[in-house]
Every structure is written in C-alpha cells, then in structure tokens.
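Heads up, the thing below is written out as structure tokens.
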Amino acid sequence: APAFFASPVNMANAYGVALVVFSGVARSAPRFAPPLTLLLVGARAKRTSRPVTFAWCHGLWHIFSAYVMFWTLYDEYLGV
C-alpha cells in the first residue's frame, strides 16, 4: 500500500514544482503561500493532537492547492 500512495503524492509535488519553475518563483510564491500555510498549520495540529483542526486545514489545503495550480497553469499557458 505505501508504494501506491507514494506515486500520486510525488507526482502532485512534481507538478507544483514544475509550475513554480515555469511561471517563476516571484509570481508563484504569493499564490502558493496560502495553501502552504494551511499545510504547515495542519501538520502542527496533527503533531499536537488537534484532529479537527488538522482535518479542516488538510481539506482546505487540497482545495486551495488545486485552485492555485489551475490558476497558475491557466494564467501562464491559456492566456488570461
């Protein structure tokens, strides 16, 4: 099971890194800051045994990360 989950996680991270590289760090950093903040807050909540906070942050991280990745791709390559 771990090998099954490792591949999608690695691919998602590689996709995010590729978007940052292709669109530039200066343009991408402000866009990716809110999702990364949610990820860090969620990780801290998990370590300090706050499961509800972790669940909310982790869920919102998924939503905002997907939105930022789409926004960056659309803005860079589809001509907004």
Side-chain angles (χ1 to χ4, degrees):
F4 173 77
F5 291 111
S7 181
V9 169
N10 289 338
M11 294 306 294
N13 288 335
Y15 180 62
V17 169
L19 285 174
V20 169
V21 169
F22 292 130
S23 64
V25 174
R27 179 180 250 176
S28 300
R31 293 178 181 182
F32 280 98
L36 288 175
T37 301
L38 285 167
L39 180 65
L40 294 173
V41 170
R44 181 170 172 82
K46 186 175 182 180
R47 283 193 313 272
T48 57
S49 300
R50 293 179 300 170
V52 174
T53 302
F54 167 73
W56 273 102
C57 288
H58 190 78
L60 289 172
W61 169 73
H62 277 284
I63 292 167
F64 285 118
S65 292
Y67 174 74
V68 168
M69 287 182 184
F70 172 77
W71 176 30
T72 302
L73 177 67
Y74 189 81
D75 190 26
E76 281 299 311
Y77 301 105
L78 302 177
V80 170

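Numbering starts at 1 and runs along the sequence shown. In this text, all values refer to a predicted model and were calculated from it rather than measured experimentally.
- Relative ring orientation between His62 and His58 is described as perpendicular, the plane-to-plane angle rising above 60° on a 0-90° scale split at 30° and 60°.
- Annotation: the span from Thr48 atom OG1 to Arg44 atom CZ amounts to 6.0 Å, rounded to 0.5 Å.
- Closest of all the heavy-atom pairs between Ser28 and Val20 is OG-CA, 3.6 Å.
- Hydrophobic clustering of Ile, Leu, Val, Met, Phe, Trp and Tyr side chains at less than 4.5 Å, counting indirect connections, keeps Val41 apart from Phe32.
- Annotation: side chain of Phe64 is not in contact with side chain of Pro34 (no heavy-atom distance under 4.5 Å).
- No side-chain donor from either of Thr72 and Ser23 sits under 3.5 Å from a side-chain acceptor of the other.
- With rounding to the nearest 0.5 Å, the separation of SG in Cys57 from CZ in Arg50 is 8.5 Å.
- Residue Phe54 is not grouped with residue Leu60 when hydrophobic side chains (ILVMFWY) are merged at heavy-atom distances under 4.5 angstrom, including chains of intermediate members.
- Environment of CZ in Phe22: sparse, with no more than 12 heavy atoms of neighbouring residues, nucleotides or ligands closer than 6.0 Å.
- Under a hydrophobic-cluster definition in which Ile, Leu, Val, Met, Phe, Trp and Tyr are linked whenever side-chain heavy atoms come within less than 4.5 Å, directly or via other members, Val52 and Leu40 are assigned to different clusters.
- Criterion: ILVMFWY side-chain heavy atoms under 4.5 Å apart, direct or through other members. Under it, Tyr15 and Val25 are part of a common hydrophobic cluster.
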